Amino acid sequence: MSRVPWLDALIGVGFSVLVAGCDGPSYRKEHIPEAIQRICAEDYHLQVSAKRVGKTVAAHLTHAGVLAQQDGQIRLSPTANETLGNVLEAIHRVVLSSDDPNGFYLLLVSDPSIPGVYLTLMRYLDDVRRVHANSITPTEFFSRTILNLQPADPPLINLNQVTVRDVTLEQFLSWQLAKRLQDRLAERLQREGPSQVTVGPCAGSFTNGEFAFTLNVLPKEGATLSAEVIDQVFQEATTVIAQVLSAYRFEQFQSVRLTHPSTGRNLLLPRQQLDIFR
Amino acid sequence: MVAKRQRSWLQRIALFFEMHWVKMLVIFVLVLSIVWPIMTFAKIDSYQRTYLHALMSTMIIQSIIYGGIFVAMLFWLHYGGGSFSKIAKGRVRGDQVNVKWDEVIGMEEAKQEAWEVVELLRDHAKVDLIGGKVLRGVLLVGPPGCGKTYLAKAIATESALPFISVSGSEFIEVFVGTGPARVRKIFKKAQQFARVEGGCLVFIDELDAVGTSRTSDLGFGAQTERNNTVNELLVQMDGLESQKYNIVVIGATNAGEEVLDQALLRPGRLDRKIYVDRPGLEDREKLYRFYLGKIKIDPAIDVARLARRTVWKSAADIENIVKESALIATRNKREMVTFKDLSDALDRIELGFKRKRRMNEEERRRIAYHEAGHIVVTYLLHPTDDVFKASIISRRDALGVVYHQPREELFTSSRTRILANIKAALGGFVAEKLKFESTSDGVAADFRNAMLQAHQMVWRLGMGVNGYVGDYEALLSSWAFRSSSAGDRLSDRTKEHLNEETHQILSQCAKDVEQLLRQEDALLERFAQELLKREELEYDDIEAVFVEFGKQRIFPAAPSPSILPPPTPPAAT
């Protein structure tokens with residue numbers, strides 16, 4: 001005991017905080033789906049179904065008014081941000097505070113008023129941790145999120161209607177890169193003035209240590225695709241792939257294959273060669 | 001035996017609560033405010049908890065670092081070696097100061113008193129043994145440039161004690177508490193030196209910057225800070241701790257004693273006062289010989305005349321004159337300093353640089369006669385002053401000048417002297433009037449001078465002839481910015497009489513001067529011509545003309561007439 005009582009008290013408080021903070025994970029991995037459902041129901045009054053497959057947690061939210069149809073296109077409604085934010089918050093809380101906080105989560109969002117489609121949102125948990133720690137910017141975080149609008153026939157009303165697979169990092173990166181390539185190429189070609197080309201969905205896959213991407217850049221009707229543009233497309237795509245893989249410090253691959261279907265041009269880049277573009 | 005009253009345990013608890021309910025409530029709230037957050041903290045999700053834990057740990061470390069820096073800065077500010085409490089001047093050992101007693105010249109009386117201080121410092125142990133009072137402080141008072149610092153250094157050298165020199169203004173800083181902190185620091189340092197070397201001298205120059213009387217603050221805090229600095233100085237000078245050591249504070253100030261805080265002057269503090277006044281005639285001679293001894297000079301330089309010409313000049317002024325003369329000699333490519341260089345240096349310091357203005361001949365003549373009038377009247381009528389120089393070269397705003405000074409320090413002025421001053425001032429006006437039958441605006445400054453002196457004679461000094469004795473200005477209300485005579489205790493009639501007498505004095509002086517100048521027309525003419533021809537006349541030149549006309553005075557001795565060229569006939573006016 002020290003002679004100063006307040007110092008003893010201060011040490012005691014500090015120790016208590018330390019002990020309180022050293023408690024184990026809040027959720028066992030087996031109970032993650034239940035925990036998400038409970039938090040959504042109790043804290044936000046949202047009906048969410050959830051399941052866990054391997055390291056991937058899937059949750060399904062069906063909520064009226066989440067999606068909106070405008071000019072023939074379906075997108076998230078302006079009021080969906082809060083609802084989706086609450087569900088994502090619940091997923092983050094549970095998954096990150098579990099005893100297995102690594103992997104992915106998949107959120108399926110359907111709207112009973114727009115029954116033919118549902119929205120999928122996929123994220124890597126390490127990205128969530130990084131954005132919380134300000135290690136990456138919110139813009140980059142959003143770029144790392146895979147958002148897709150999927151057709152649903154019959155309408156999605158239950159998570160059991162879809163088959164949830166365990167996602168691997170290689171798969172996640174290939175899908176993310178395909179989406180990024182599409183966005184970046186469209187942006188680049190648009191930035192360089194009225195273009196004679198269009199950018200369609202770029203497919204991405206990972207098989208046997210090789211990333212394969214299809215660069216869906218097509219000439220507009222009546223126009224031709226010059227060799228110079230194709231060079232630019234390949235160079236831009238290579239740069240994007242090199243930067244993203246570098247940012248993830250992902251090195252468990254041998255090569256990257258880029259294919260341009262309309263010209264049949266094919267580029268195979270070994271991993272070492274890709275380093276030049278970082 | 002008193003039986004102890006038995007209480008049930010319920011009563012005891014109730015009594016305890018009644019007596020200590022406030023304490024218990026405080027403790028309960030305190031415990032709750034600690035336990036509740038900890039419980040809440042334990043309940044939150046592990047990821048958030050880990051994040052907060054990490055954040056709090058960082059915050060604690062940050063707080064400790066920032067708090068440590070803050071406390072260190074405060075310590076540094078008030079007690080440490082930081083720049084705020086740091087005193088710029090370092091300590092100097094007595095033998096390093098190296099100002100020998102013989103080198104202190106021009107202040108014989110002050111030196112005698114200072115020698116006692118040196119002896120007391122040397123015999124500090126003996127004084128202690130016989131139980132005598134140990135010297136604590138010496139106050140050197142006197143005009144600027146008279147050698148107070150020099151004397152202090154000499155005391156340090158002779159007593160062979162360490163010497164810490166600081167300026168009073170060094171205690172004044174923008175930060176609160178810096179002044180007292182610096183005082184503490186100086187005395188701490190002095191104590192250390194005193195422990196090692198048996199004593200220490202702390203010299204505070206410009207003591208009035210820090211030691212003025214303590215007054216109440218006007219609300220801005222500056223005076224409080226100053227008061228605290230004075231308080232700290234008082235405590236350190238006479239504190240229990242300081243009395244153990246042989247520390248003597250020497251304060252120097254140009255301001256009078258009345259400006260300083262009275263507590264500083266009480267016995268046990270700066271109780272020994274030494275007046276370091278301006279040097280007298282003999283001291284000035286010694287100072288000139290000392291400073292001229294450091295440069296190459298013309299052996300014919302009349303040091304005694306230099307000393308006479310520089311009445312009221314301080315030792316620093318004399319040093320400056322000698323330095324300036326060396327510069328002039330160098331500029332004129334001479335290898336030694338002549339009397340003319342010294343005279344020019346004095347003019348430059350006293351009157352300013354010469355300005356070569358283009359003036360027409362008529363104006364030059366008018367100025368020459370004006371200045372000649374001053375010369376003749378001053379020389380012939382003034383009982384105390386010598387004319388050292390006359391010039392019609394412009395300096396500052398003056399177009400010409402006649403430089404006259406008393407032969408020695410005079411501390412009073414007789415009626416004759418003041419009248420002579422007035423007449424000397426009117427000499428230029430009368431000369432212009434006689435020669436040109438009209439006067440110019442060049443008389444304005446002379447008139448102002450003459451009128452002020454005549455006014456003083458009548459209003460304040462009882463030197464009139466109509467029986468008005470007393471200081472009548474004391475009866476005037478003295479409000480600043482006063483625009484009327486409201487509040488005066490002087491009748492308008494009396495004022496009129498006094499003013500009339502002032503005018504009488506002035507007009508009588510003007511008449512006397514006119515009579516003199518008519519009588520000495522040849523002298524006036526001669527000086528005007530000399531000035532037009534040579535523009536400047538030195539003491540010897542002026543004296544020679546008077547000798548030539550048989551008008552020389554007995555004192556000082558007349559110079560050889562051969563200095564001047566033969567007289568030339570006056571130019572046509």
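In what follows, chains carry the letters A, B, and so on, assigned in the order in which the sequence lines appear, proteins first and then strands, with residues in each chain numbered from 1. None of these values were measured; they are calculated from a predicted model.
In this structure, A/Arg144 forms a cation-pi arrangement with A/Tyr248, its terminal cationic atom sitting closer than 6.0 Å to the ring centre and no more than 45° off the ring axis.
Test A/Leu156, A/Val109, A/Ile74, A/Asp111 against A/Val117 for side-chain contact (heavy atoms from CB on, under 4.5 Å) and you get one pass: A/Ile74.
B/Met56 touches chain A through its side chain: at least one heavy atom from C-beta onward sits under 4.5 Å away, while N, CA, C and O do not. For B/Ile44, the part sitting under 4.5 Å from any heavy atom of chain A is the backbone (N, CA, C, O) and nothing else. At a 4.5 Å heavy-atom cutoff, A/His92 makes no contact with chain B through either its backbone or its side chain.
A/Tyr118 has its ring centre no less than 6.0 Å from the ring centre of A/His60.
No donor-acceptor pair closer than 3.5 Å links the side chain of A/Glu251 to the backbone N or O of A/Ser246.
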